[in-house]
Amino acid sequence: MSPKPPATPAKPTPSQAPTARPASTVSRNARFAWYAGLAVLGVLVGTAGALVQAAWLPVGLILALLATAALFYGGLRATETQVGVVAGGVGWLVAVILLSFGRPEGDGAFGGGVGELLFLFGGMAIAVMCTTLARLPRPIP
């Protein structure tokens with residue numbers, strides 16, 4: 001009697017193959033609540049950034065852009081989708097645009113200058129960077 005050759009393991013079918021990322025644990029309603037909260041937070045960060053960047057020009061501008069980056073990156077990580085960045089970005093952009101209009105009397109939050117342009121374009125650039133970041137795969141437990 002000759003010994004049997006060792007059995008070769010069968011290749012896993014696509015349905016059995018391990019996935020790099022399990023399904024999201026956040027429900028749909030919770031995700032919409034996150035989006036609404038991020039939009040409100042975007043309005044607050046945009047308003048605070050518009051006031052701070054003009055008050056303390058070099059340091060205030062950096063603080064405003066750091067807060068904007070924290071909002072966008074936090075929205076990306078909290079919701080696990082790029083829509084989280086967009087939700088915060090829409091609120092931020094609405095606040096910044098409304099504050100840039102001013103009033104008929106001539107006063108407004110933005111006086112016009114380099115700081116305001118850097119805040120506006122820097123915030124938009126940060127939003128684009130956070131939106132295009134690759135999502136990291138979650139480790140399989």
Side-chain angles (χ1 to χ4, degrees), residues 2-141:
S2 64
K4 290 183 181 179
T8 59
K11 291 185 178 180
T13 60
S15 64
Q16 295 173 345
T19 59
R21 184 178 190 140
S24 178
T25 58
V26 180
S27 71
R28 185 175 181 192
N29 291 335
R31 196 177 301 255
F32 286 137
W34 271 107
Y35 296 151
L38 286 168
V40 170
L41 192 60
V43 169
L44 295 174
V45 169
T47 303
L51 298 174
V52 167
Q53 63 86 23
W56 309 315
L57 185 56
V59 176
L61 179 62
I62 293 170
L63 286 175
L65 289 175
L66 284 176
T68 302
L71 167 72
F72 296 153
Y73 188 73
L76 175 68
R77 293 296 173 217
T79 61
E80 300 174 351
T81 63
Q82 282 82 8
V83 181
V85 179
V86 173
V90 165
W92 180 85
L93 191 61
V94 165
V96 170
I97 294 298
L98 288 178
L99 288 172
S100 69
F101 283 150
R103 296 182 356 177
E105 291 85 16
D107 53 346
F110 291 116
V114 176
E116 290 85 4
L117 290 175
L118 287 175
F119 178 62
L120 180 65
F121 291 126
M124 286 192 280
I126 292 170
V128 169
M129 284 188 270
C130 288
T131 304
T132 57
L133 281 175
R135 290 183 281 172
L136 299 174
R138 291 185 163 202
I140 298 175

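Just so you know, these numbers come straight off a predicted model, no measurement behind them. One is the number of the first residue; the rest follow in order along the sequence.
- In terms of the side-chain contact (heavy atoms from CB on, under 4.5 Å) criterion, residue partners of Val86 (sequence neighbours excluded) are, by chain and number, Val90.
- Shown here for Ile97 and Ser100, the closest heavy-atom pair between the two residues is O-OG, 2.7 Å.
- Under the side-chain contact (heavy atoms from CB on, under 4.5 Å) criterion, Leu118 pairs with Leu61, Val114, sequence neighbours left out.
- One distance of note links CG of Leu71 with CG of Leu44; it measures 9.5 Å at 0.5 Å rounding.
- Heavy-atom minimum distance, Ala78 versus Trp34: CB-CZ3, 3.8 Å.
- The minimum heavy-atom distance linking Gln53 with Ala64 is given by the pair CB-CB, 4.2 Å.
- Atom CZ of Phe32 and atom OG1 of Thr79 lie 11.5 Å apart (nearest 0.5 Å).
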Could you tabulate the donor-acceptor pairs under 3.5 Å formed by side-chain atoms of residues 121-134, not counting sequence neighbours?
residue : atom : partner : partner atom : Å
Thr131  : OG1  : Ala127  : O            : 2.7
Thr132  : OG1  : Val128  : O            : 3.0
Thr132  : OG1  : Met129  : O            : 3.2

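- Applying the side-chain hydrogen bond (donor to acceptor under 3.5 Å, both in side chains) test to every pair with at least one member in residues 35-46, sequence neighbours left out, gives these pairs: Tyr35-Thr81.
- Of all non-hydrogen atoms in Thr47 and Ala95, the two that sit nearest each other are OG1-CB, 3.8 Å.
- Note that the CZ atom of Phe72 and the CG atom of Leu38 stand 10.0 Å from one another [nearest 0.5 Å].
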